[in-house]
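The structure under discussion appears below in the form of structure tokens.
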Amino acid sequence: MKIYTKKDLNEYSLSLTYDDISLVPKEISQVKSRTEVNIKSKFLGIDLSVPVLASPMDTVCGIEMARELNSLGCIGIVNRFDSSLEELFKDEKSSEGVQAVSIGLNAEDELLEKIAEKNFLVCIDTANANNAHVLKKCEEVKKKYNLKVIIGNVAHGETLTRLVDAGADAVRIGIGGGSMCTTSIQTGIGIGQVSSLLDVYFHREELKLNIALIADGGIKSPGDVAKALAAGADIVMLGRMLAGTKETPGEVIKYNDQLWKKYRGSASFGVKMKGEFIEGEETMVPYKGPVQNVINSISDGLKSSMSYLNCNSLDELKHKDCFAILSTSSYIERLPKK
Ligand SMILES: NC(=O)C1=CN([C@@H]2O[C@H](COP(=O)(O)OP(=O)(O)OC[C@H]3O[C@@H](n4cnc5c(N)ncnc54)[C@H](OP(=O)(O)O)[C@@H]3O)[C@@H](O)[C@H]2O)C=CC1
Ligand SMILES: Nc1nc2c(ncn2[C@@H]2O[C@H](COP(=O)(O)O)[C@@H](O)[C@H]2O)c(=O)[nH]1
């Protein structure tokens, strides 16, 4: 069987996603215990214990989630759709423990000044970073307020230099791959998440650009987190994996003797409240309890993956370069059976 490097995968004829690839352990690991594996990193100057960002969706990240993730050594980006941003600036105490917020293209100076006072990380939350108006907003936020800026999304690395020139510090990679996403069905846009990530990764490396890469959408398990980081992401952005946890905004609902919480796309009817350009769905997900359980499971899975691959740091994982492409049967074989 061929062992693929990132470059091989990037040149593969078909677009690939997480379920198409696997990591291959092929050397003697020197790791004595998974507890010793170091998964610490820095993202735009912030120290992380686990390289996870919560997506700025209204059923994923409000103030409570952002605070809890901060205390767990991750980052939660407060969403722009509900009343969270208003609450955040109510008084001095309300923004304690929060590090990042999202804004739309129409964000005004009044809001940006408050954000700048707190020196928050700003995510310009749009579907398409390859848009002149998004780049203009990015330039404005950088020039006027000199904040760290995340923009997105992109599916390909072709325009990466333009994003960097506009001042972007990080980019969300992935169009059409989110679990609530109907963009591909509605528009025919988007490729597999792994191929998107690799393409942007190689553009960054070849052009020696200084921009952090966020693998955003389609990550379903700690194993997918490991694959995304091995494929070149600096951090992963999660929606579905964090949805349903105690700290997400929204009520816990009892139905058929089971507990549920709502999860919906930012371009769903429920968020937009008008029937134009709907590119997202809405669902109920089982209640999962504290988000700490999810983060612990990601931390364990990632450390274990790195131990198999003889990696002691995330930087080593990024340079491991040992992937397989899975046949459909070998993908199915790897799933637990009843
Ligand atoms: N990762 C992904 O694949 C996607 C993610 N999303 C998420 O949903 C959120 C809400 O999306 P949505 O309200 O549709 O749009 P955005 O919030 O991204 O809209 C940003 C602005 O861009 C304009 N625009 C022009 N062309 C497009 C386009 N092709 N897609 C989207 N906007 C466009 C919009 O105006 P007008 O509406 O008048 O055109 C709007 O003024 C996004 O912020 C993003 O987080 C949405 C779609 C895809
Ligand atoms: N096309 C759409 N994409 C959306 C929408 N809302 C969010 N998103 C994207 O999905 C990820 C989360 O993905 P998941 O697989 O972890 O659930 C999020 O960060 C956005 O990039 C939407 O309505 N339409």
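Note that ligands are numbered from 1 as they come in the structure, with each ligand's atoms numbered from 1 the same way. Since the model is a prediction, treat every value here as computed from it, not as a measurement.
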Practice task
May I ask you to establish whether Lys2 and Tyr4 are in a cation-pi arrangement, using a distance under 6.0 Å from NZ or CZ to the six-membered ring centre and at most 45° from the ring axis?
Solution key: yes
Handout entry: Over-ring placement of Lys6 relative to Tyr201, 6.0 Å and 45° cut-offs
Key = yes
With nothing but distance in play, are any N or O atoms of [X] less than 3.5 Å from an N or O of ligand 1?
| X | answer |
| --- | --- |
| Asn131 | no |
| Leu105 | no |
| Gly177 | no |
| Arg80 | yes |

Roughly how far, to the nearest 0.5 Å, is [atom2] of [Y] from [atom1] of [X]?
| X | Y | atom1 | atom2 | value |
| --- | --- | --- | --- | --- |
| Cys61 | Arg67 | SG | CZ | 11.5 Å |
| Leu160 | Ile211 | CG | CD1 | 5.0 Å |
| Leu16 | Leu197 | CG | CG | 11.5 Å |
| Ile235 | Leu44 | CD1 | CG | 8.0 Å |

Do me a favour and list the nearest non-hydrogen protein atom to [atom] with residue, atom name and distance?
| atom | answer |
| --- | --- |
| atom 24 (N) of ligand 2 | Glu279 O, 2.6 Å |
| atom 9 (C) of ligand 2 | Gly178 CA, 4.5 Å |
| atom 45 (O) of ligand 1 | Asp125 OD1, 2.7 Å |
| atom 16 (O) of ligand 2 | Gly239 N, 2.9 Å |
| atom 5 (C) of ligand 2 | Ser266 N, 3.6 Å |
| atom 19 (O) of ligand 2 | Asp216 OD1, 2.5 Å |

Residue pair [X] / [Y], side-chain donor-acceptor N/O under 3.5 Å:
| X | Y | value |
| --- | --- | --- |
| Thr248 | Lys261 | yes |
| Tyr263 | Asp58 | no |
| Asp300 | Ser297 | no |
| Asp216 | Asn153 | yes |
| Asp8 | Thr5 | yes |
| Ser268 | Glu281 | no |
| Asp82 | Ser84 | yes |

Problem - Minimal non-hydrogen separation, Lys137 against Gly104, with atom names - result: CE-O, 4.3 Å
Sub-4.0 Å atoms of ligand 2 with respect to non-hydrogen atoms of [X]:
| X | answer |
| --- | --- |
| Ser55 | 18 (C), 19 (O) |
| Asn153 | 21 (O) |
| Ser179 | 13 (O), 14 (P), 15 (O), 17 (O) |
| Arg240 | 14 (P), 16 (O), 17 (O) |
| Gly280 | 22 (C), 23 (O), 24 (N) |
| Cys181 | 1 (N), 2 (C), 3 (N), 24 (N) |
| Tyr263 | 12 (C), 14 (P), 17 (O) |
| Gly217 | 13 (O), 15 (O) |

Heavy-atom distance from [atom] to the protein below 4.0 Å?
| atom | answer |
| --- | --- |
| atom 13 (O) of ligand 1 | yes |
| atom 24 (N) of ligand 1 | no |
| atom 27 (C) of ligand 1 | no |
| atom 18 (O) of ligand 1 | yes |
| atom 1 (N) of ligand 1 | yes |
| atom 34 (C) of ligand 1 | no |
| atom 11 (C) of ligand 2 | yes |
| atom 10 (C) of ligand 1 | yes |

Counting C-beta onward and ignoring hydrogens, is there a side-chain heavy-atom pair between [X] and [Y] closer than 4.5 Å?
| X | Y | answer |
| --- | --- | --- |
| Phe269 | Lys272 | no |
| Leu48 | Lys40 | no |
| Lys118 | Ile115 | no |
| Ser22 | Arg334 | yes |
| Asn293 | Lys288 | no |

Handout entry: Sub-4.0 Å heavy-atom approach of Gly218 to ligand 2
Key = yes
How does [X] reach ligand 2, by side chain, by backbone, by both or by neither, if only non-hydrogen atoms under 4.0 Å count?
| X | value |
| --- | --- |
| Val271 | neither |
| Met57 | side chain |
| Arg172 | side chain |

For ligand 2, find out whether one of its N or O atoms is nearer than 3.5 Å to an N or O atom of [X].
| X | result |
| --- | --- |
| Glu281 | no |
| Met241 | no |
| Ala267 | yes |

Practice task
Consider ligand 1: state whether an atom of it lies below 4.0 angstrom from any non-hydrogen atom of Gly174.
Solution key: yes
Answer side chain, backbone, both or neither: which part of [X] comes under 4.0 Å from ligand 1, heavy atoms only.
| X | result |
| --- | --- |
| Thr183 | side chain |
| Lys272 | side chain |
| Asn153 | side chain |
| Lys274 | neither |

Problem - Option from Val52, Val291, Val50 for which side-chain contact (heavy atoms from CB on, under 4.5 Å) with Leu72 holds - result: Val291
Exercise for the section: Give the ring-plane orientation class for Phe89 versus Phe120, where under 30° counts as parallel, over 60° as perpendicular and anything between as tilted. Expected result: tilted
Handout entry: Option set Ala155, Ala127, Ser184, criterion heavy-atom distance to atom 42 (C) of ligand 1, minimum
Key = Ala127
Exercise for the section: Apply side chain to side chain contact (heavy atoms under 4.5 Å, CB included) to the pair Leu111 and Ile103, showing each step before the final yes or no. Expected result: CA-CA 9 Å; Leu111 173 63; Ile103 58 166; 4.0 Å; yes
